[in-house]
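A short write-up of the structure that comes next.
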Amino acid sequence: MNNYNPNKIEKKWQERWEKEKTYEANPSNEEKFFLTVPYPYTSGPLHIGHGRTYTLGDIFARFKRMQGYNVLWPMAFHMTGTPVHAISQQIKKGNKEKIELFKDYVKIYEENQEKAEEIVESFKDPYKVAEYFANAIHKDFRSLGYSIDWRRQFTTGDEDYQKFVEWQFHKYKEKGYLEQGNHPILYCTECENAVGEDDIKDGDRIKAEIETFTGIKYPYKEGYLVASTLRPETIFGVTNLFINPKTNYVKADVNGETWYISKKSAEKLERQGKKVKIQKKIKGKEIIGNKTLNPITKEELPIITGEFVDPDNATGVVYSVPAHAPYDYVALKEKGDLDKVKIKSIIETPGYGEHPAKEEVEKLGIKTQAEKEKLKQATTELYKKEFHKGKMKVKHEDFQGLTVEQAKEKASKWLKKQGKATEIYEVTSKTDQVHCRCGGKVTAVVMENQWFLNYGKEEWKQKAKRCLESMNIKPEIYREQFKNIFEWIDKRPCARKRGIGTKFPFQENWIIESLSDSTIYMAFYTIKNHLKNIEPNQLTQEFWDHILLDKGTPKKTSQSTGIPEEQINTVKKEFNYWYPNDQRHTAIAHLSNHLSFFIFAHAAIFTEKNWPKTITLNELLIREGTKMSKSKGNVIPLTNITKKYSADLFRAYIASAADMESVLDWREEEAKNMDKKLRKLHEETSKTKKGTTKPKEEDLIDQWLSAKINTHTKNAQKALEEYKVREYVQNALLNTQSTLKEYKNKKEKPNKELINHVTDKVLKINYPLIPHLCEELWEQKGHQTTLTEETWPQIHKEDLEKEKMMEVVDQVTTDIRQIQKITGIKKPRKIEIYTAPEWKRKAHRLMQKTKENIIGQLMKDEDIKKHGKEAVTYAKHLQKNKYNLPKEVLTQKQEQQALKSLKQYIEKQFKSQISIKKAQETKEPKAQKATPMKPAIKIEK
RNA sequence: GCAGGGAUGCCUGAGCGGUCAAAAGGGCUAGGCUUAGGACCUAGUGGCUUAGUGCCUUCAAGGGUUCAAAUCCCUUUCCCUGCACCA
């Protein structure tokens, strides 16, 4: 009976949209709306999580079109950066795992297996990887019915795009936002490469971090013993140094000073940008027994045996603070060295006495250094408390009274400034040592002359903040996050030496990093389709300056670039028409990077009138309660959606399953339920015809239907305007359908003309959500137009009275049922309904205006007073239930009318004779129970 | 650790000072339809009580503000997300 065939319908409309170039947007006299969603990265198939973001984007685009805007929604593909490049390299190397993985990926799209082999073979060229997946994604997007203007498509590898990015970097340079400096990165000494999370063994589990240690220089012989620490504020409490007698140390020239450090750390420091020249090898035991000085307090410190000292960790020289470091205390105690030193307490923490480390160690009963777990626990416990609640009690004007949190920062800077300390980087991770996939150890290496974008620059930051302030962020809760990010965002490397990308214009062998090249590309969409016969070298600085910043004249630009003046004018007109970007919609994962850079870049480069207007965000998507991940094998590729479900089903489910700010849990079962609803919509609407503009409303039920649909339309619109997609679906799809169902239940002979009219509206408001189905039904109804040409239905003033009148009927039926249940009267012979008299309604309204002494106030009114005892009883009832009675009440006449017009419906429900009376016109005692909106009822057996 | 968000009935999940025993869906129960099943329709779904009522207990835990709190404030516990060179 149900012949809804979504695949067929969807294909039909998609072909038609493409043929008729429906979504190709050009400048016009209409008001424009420029929507963008970040271009996808082309290193593999997209999954339904991506689909969520793009689907919401399409719903917004279609809604705006229905509201009469000239909407541009373009799309491009991202291929710069490391992943595409790395895939290619791995395949070239013959990495079996990767090859298999990509064969699997390709098989998602290709039916022919042999073809997969061939295609993966071609992936040795990174551009082929990008090209293949760009095409695949393009097909996916098309099959989901996205209303994208594909003429403006490009990839970040395109020459003209790279010219555009190059220009952007010239602007940064001009403004002084580009800087060079040292920068520590994770590095594998085995394969001699910088490593990212992807390159780290178990990178998803082991989070590697680079921590900055303060290496403090203790005078020793003609140079220094250098010991590094994360707690430089403890310099005031040092009692001794530890050296491992079995370790090899070196005397080395480091940046012109003589340092005594472990041999291994000398190698490490060299990679961290220090100039190291080893002069002599020394055994640890040769150092032990000597003395050194505390560089600040000038106290003499003994150098003691510390067999626990790891030459690989930091500098192989450890300074000891037994008052506050459990490790140090235990080390000294175990070896009986405690009497060689004088413990110094420097931090005061509530809950601890003079020697917190000792207390903590004793509390946990730690006896030896071998009890590593317990020692770790003692250390974190103590550190946590000292960090948050501890105060420095050393007698030093710069530090006394500071919290540990403040002192830590200050001590590090202070020591470095005096030349008494240096920065040393260490790789740390909570779980294990960090290894590269190749097996080598990951260390911290300093990149010299790294290029940065200085987002920390005050003037730039202020502009970005202003831009943020002027913007609309939806859901609003994310604004706070942006603000926080803007506070701490600082220098960020913007160039690197591996991967694919635009050549960095100011230095050989560097390319522009792939997040930095994707911040203002929305501007590029506006003109891409007009650059066809222009050579990349014609896209000069002058060209971009003229088009994007309105500098120079068309004539001069034409002369200097050789591009015809006419074409320059076209390009410029197009940019001026579409810019700024009205809405950027994306997933929340981009908030702290891409979106923040997007704002910063616009603030830096464009004039205020071209700053973006709105950012909308959606949360991620999980599946059946668990995160989708490659390792779990539970990823649903976007391509499978139209094979297994349908575009409209996916769209409707995605939008209805969660609000944008909530994680969406993809549940197979619920998706099926949505399928039922769409089939129902198809079935019901298939029976209808094209509606007339002003159908006759025969009775109250008809009026109610019109009113209800109007309300749903209004709510749906409001919800979309506020980006509350879930609420939109609830109103546009679910509520309208249940209202129609209710109407058919209540009305003996449904008014076909009215239903035709109303379902027209329903299709319109559902079009942004499920465009294929709506277009198809619209056509079936016999309309000559398509919905794409139609506009959002007009909203009339709400007719709440009609809705209220129906509520009274519903109230009566539930009440009757309730009474039936209690009394056990299954088949009532007769049911009498009494509506409340007008004086009770008056009292009700009066009560709402009265603040206190309700009874007294009411009894002053003549109309009420004359009902004596009954009036007092009612007034008491009002007083008691002041806050939980309906706010507005109908007149008795209206209630009578409502009940009378639904009389047949009620009779049918209860298979009983119904009579409707006014309470004041009967002597029946039960009639006194009638209140406004809740008529009295008498059921007879 | 820092920052942001969260904890609601059997489940998912809305509500974010009074109309809240709390939307919507699912599940479950009963009835209708049907040869039966499914689909569909109708009703019920914290407890006790009742001619449509009233009361009690509930929105992570504890405390507070208020005539009134799931909703506001504080504390605690647990969960999710991000923390940079990775797109």
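Scope of the values below: all heavy atoms of this structure, side chains included, with no hydrogens, waters or symmetry mates. Small disclaimer: the values here were computed from a predicted structure and weren't measured. Protein chains get the first letters and strands the later ones, always in sequence-line order, with residue 1 at the start of each.
- Residues satisfying the salt bridge (Lys or Arg N to Asp or Glu O under 4.0 Å) criterion with A:K929, sequence neighbours excluded, are absent altogether.
- Using cut-offs of 30° and 60° on the angle between ring planes, the pair A:F598 and A:H594 is parallel.
- Between A:W460 and A:Y455, the two ring planes are tilted [angle within 30° to 60°].
- The side-chain hydrogen bond (donor to acceptor under 3.5 Å, both in side chains) search around A:R841 returns A:E895, not counting sequence neighbours.
- For A:D665, the salt bridge (Lys or Arg N to Asp or Glu O under 4.0 Å) test picks out A:R667, with sequence neighbours left out.
- For A:E748, the salt bridge (Lys or Arg N to Asp or Glu O under 4.0 Å) criterion is met by no residue, not counting sequence neighbours.
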Return one dot-bracket line describing RNA chain B 5' to 3' (Watson-Crick or G-U wobble pairs, both distances under 3.5 Å; ( ) same strand, [ ] crossing, | another strand, . none).
-> ((((((((.[[[..)..(.....]]]((((((.......))))))(((.....)))...[[[[[..)....]]]]])))))))....
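- Classification of A:E722 and A:K724 as a salt-bridged pair holds, one side-chain N sitting under 4.0 Å from a carboxylate O.
- Under the salt bridge (Lys or Arg N to Asp or Glu O under 4.0 Å) criterion, A:E832 pairs with A:K830, A:K917, not counting sequence neighbours.
- At least one side-chain nitrogen or oxygen of A:T82 sits closer than 4.0 Å to the OP1 or OP2 atom of B:A87.
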Distances under 3.5 Å only, N/O to N/O: pair up the protein atoms with those of nucleotides 81-84 of chain B.
residue, atom, partner, partner atom, Å
B:U81, OP1, A:K627, NZ, 2.9

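- Applying the side-chain hydrogen bond (donor to acceptor under 3.5 Å, both in side chains) test to A:N593 and every residue at least two apart in sequence or in another chain returns nothing.
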Do any N or O atoms of the protein come closer than 3.5 Å to N or O atoms of nucleotides 7-17 of chain B, and which pairs are they?
residue, atom, partner, partner atom, Å
B:G13, O2', A:R726, NH2, 3.0
B:A14, OP1, A:S662, OG, 3.3

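- Spacing of C1' atoms, B:C28 relative to B:C80, comes out at 31 Å, to the nearest Å.
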Donor-acceptor pairs are to be reported for all side-chain atoms of residues 478-485 of chain A against protein atoms at under 3.5 Å, with residues two or more places apart or in another chain.
residue, atom, partner, partner atom, Å
A:R479, NE, A:E476, OE2, 2.8
A:R479, NH1, A:L468, O, 3.1
A:R479, NH2, A:M471, O, 2.6
A:N484, ND2, A:E480, O, 3.2

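- Every side-chain contact (heavy atoms from CB on, under 4.5 Å) that A:Q928 has, sequence neighbours left out, goes to A:E870.
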Using a cutoff of under 3.5 Å, can you pull out all pairs of nitrogen or oxygen atoms linking the protein to nucleotides 27-30 of chain B, with atom names and distances?
none

